[in-house]
Peer 1: 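Below you'll find the structure I mean.
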Amino acid sequence: MLTRKQSELLRFIHERLKETGVPPSFDEMKDALDLRSKSGIHRLIIALEERGFIRRLPNRARALEVLRLPDSSTPAEGSRSKRFAPSVIEGTLGRVRPWTPSASDEEGERTMISIPVMGRIAAGTPITALQNRSHTISLPPDMLPPGDYYALEVRGDSMIDAGIFDSDTVVIRKQDTAETGDIVVALIDDEEATLKRLRKRGASIALEAANPAYETRIFGPDRVRIQGKLVNLVRKY
């Protein structure tokens, strides 16, 4: 599933290739999607390439090839004021209610909570989080406070000093608010999701890596939406 901007960009590249045989420039793509900078186009192209919709041809400037189109590549009809609101999560979440030990718990028959793994989250350069449930993991209820949960597979190394490594699975409690210091799933410009530590700086929001190789990124409050808070981590050895 593509976000609206990804779908718009894919359609624009496809139509330009059909008309002229030449891919549009980054400036043309930026203007067509009404974005403020070419860095946004770069992130969209990376996301489309990672999802298998386009391919960048080596050793050729501006060389892009459309490999496939989604089943519904055209954004919904409507005015520009109707903004697309993607969500990192879809489907049924794992719900944890207040847990009280029972006789069966004492005997080692504890009921496990099934948590859906909803795709990948970037701990590094932001990538689009997948929105399709891939599988589930199970955790005992006493490891999680009450709430609705989903899990994401980590890609990248920007949170290694917080003990979060590439290929870890993070367990996220769904919520749209967070406090300074919380590690959150943040959606930037309704396009890109990333896992970072939240810092509130006056009216601005800083997304802070836990790796000195990565810079802290600062955004206006209208550019960042909190999708959940990290509460647990699962690692395979």
Side-chain angles (χ1 to χ4, degrees), residues 1-77 80 83-91 117-135 152-159 165-169 185-196 207 209 211 213-215 217 223 227:
M1 185 175 181
L2 298 180
T3 66
R4 178 172 179 170
K5 288 296 185 184
Q6 291 166 1
S7 181
E8 286 179 348
L9 180 60
L10 182 63
R11 183 179 61 173
F12 179 65
I13 295 171
H14 177 65
E15 293 299 326
R16 180 61 65 88
L17 285 169
K18 281 174 55 179
E19 292 173 3
T20 67
V22 178
S25 68
F26 269 48
D27 283 324
E28 290 170 331
M29 289 186 275
K30 176 177 69 71
D31 293 341
L33 271 66
D34 195 26
L35 295 181
R36 286 170 288 191
S37 70
K38 288 187 285 187
S39 63
I41 294 295
H42 181 68
R43 292 198 301 268
L44 291 173
I45 287 177
I46 290 175
L48 289 172
E49 187 176 30
E50 289 178 340
R51 305 282 289 279
F53 288 97
I54 65 174
R55 178 174 65 183
R56 285 185 283 189
L57 303 178
N59 304 319
R60 293 173 57 188
R62 288 175 49 182
L64 294 173
E65 178 184 8
V66 175
L67 300 177
R68 64 187 178 97
L69 297 173
D71 292 336
S72 178
S73 62
T74 303
E77 295 288 334
R80 282 191 175 271
R83 298 197 63 186
F84 181 70
S87 176
V88 170
I89 55 174
E90 287 184 351
V117 179
M118 307 302 291
R120 296 173 295 172
I121 185 72
T125 303
I127 60 174
T128 298
L130 301 183
Q131 299 183 0
N132 299 320
R133 174 173 173 161
S134 58
H135 60 284
L152 294 164
E153 296 174 347
V154 174
R155 294 291 179 266
D157 62 356
S158 74
M159 299 301 291
F165 297 92
D166 186 63
S167 299
D168 284 348
T169 298
V185 173
L187 191 65
I188 304 169
D189 294 333
D190 282 349
E191 291 294 338
E192 303 295 336
T194 190
L195 185 72
K196 292 290 182 290
L207 298 179
N211 182 338
Y214 292 83
E215 295 182 353
R217 304 177 68 196
R223 296 184 60 192
Q227 300 281 281

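Scope of the values below: all heavy atoms of this structure, side chains included, with no hydrogens, waters or symmetry mates.
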Peer 1: Are side-chain heavy atoms of Glu192 and Leu187 found at a separation under 4.5 Å?
Peer 2: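 A side-chain contact is absent here, since even the closest heavy-atom pair is not under 4.5 Å.
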Peer 1: Determine whether a donor-acceptor pair (N or O, by modelled atom type, separation under 3.5 Å) exists between the side chain of Asn211 and the backbone of Asp157.
Peer 2: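 Yes, because the side chain of Asn211 sits within donor-acceptor range (under 3.5 Å) of the backbone of Asp157.
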Peer 1: Can you check side chain to side chain contact (heavy atoms under 4.5 Å, CB included) on Leu17 and Val22, steps first, answer last?
Peer 2: CA-CA 5 Å; Leu17 285 169; Val22 178; 5.8 Å; no
Peer 1: Between Glu65 and Arg55, does any NZ, NE, NH1 or NH2 come within less than 4.0 Å of an OD or OE carboxylate oxygen?
Peer 2: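 Counted as a salt bridge, because a side-chain N and a carboxylate O are separated by less than 4.0 Å.
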Peer 1: Does Arg11 pair with Glu15 as a salt bridge, N-O distance under 4.0 Å?
Peer 2: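 No, this pair does not count.
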Peer 1: Any donor-acceptor pair under 3.5 Å linking the side chain of Asp166 with the backbone of Gly156?
Peer 2: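 Checked: pair present.
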Peer 1: Report yes if some heavy atom in the side chain of Val154 is under 4.5 Å from a heavy atom in the side chain of Ser167; otherwise report no.
Peer 2: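 Heavy-atom side-chain distance check fails, nothing below 4.5 Å.
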Peer 1: Do the charged groups of Arg36 and Asp189 touch, with an N to O distance under 4.0 Å?
Peer 2: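 Yes, charged N to carboxylate O under 4.0 Å.
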Peer 1: Name the residue from Ile54, Leu33, Leu35 that meets the side-chain contact (heavy atoms from CB on, under 4.5 Å) definition with Leu9.
Peer 2: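 The single option meeting the side-chain contact (heavy atoms from CB on, under 4.5 Å) with Leu9 is Leu33.
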Peer 1: Which atom names give the shortest non-hydrogen contact between Gly52 and Arg68, and what distance separates them?
Peer 2: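 Scanning both residues, the minimum pair turns out to be O-NE, 3.3 Å.
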Peer 1: With a 4.5 Å limit on heavy-atom distance, are the side chains of Glu153 and Val117 in contact?
Peer 2: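 Answer yes - side chains close enough.
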Peer 1: For the atom pair CZ (Phe165) and CE (Met159), what is the distance rounded to the nearest 0.5 Å?
Peer 2: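 Result: 11.5 Å between the selected atoms.
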Peer 1: In Å and rounded to the nearest 0.5 Å, what is the CZ to OG distance from Arg217 to Ser158?
Peer 2: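 OG of Ser158 is found 10.5 Å from CZ of Arg217.
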Peer 1: From Gln227 CD over to Ile121 CD1, what is the distance, rounded to the nearest 0.5 angstrom?
Peer 2: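 That separation rounds to 8.5 Å.
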Peer 1: Does any donor atom in the side chain of Lys196 or Thr194 lie under 3.5 Å from an acceptor atom in the other side chain?
Peer 2: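 There is such a pair (donor and acceptor under 3.5 Å, judged by atom type) between the side chains of Lys196 and Thr194.
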Peer 1: Nearest 0.5 Å, what's the CZ-CG distance between Phe12 and Leu44?
Peer 2: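 Output value for this atom pair is 13.0 Å.
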Peer 1: Do the side chains of Leu152 and Thr169 get nearer than 4.5 Å, heavy atoms only?
Peer 2: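 SC-SC contact between Thr169 and Leu152 ruled out.
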Peer 1: Measuring from Arg16:CZ to Ser25:OG, what's the distance to the nearest 0.5 Å?
Peer 2: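 It comes to 7.5 Å.
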Peer 1: Under 4.0 Å between a Lys/Arg side-chain N and an Asp/Glu carboxylate O for Glu28 and Lys30?
Peer 2: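 No salt bridge links Glu28 with Lys30.
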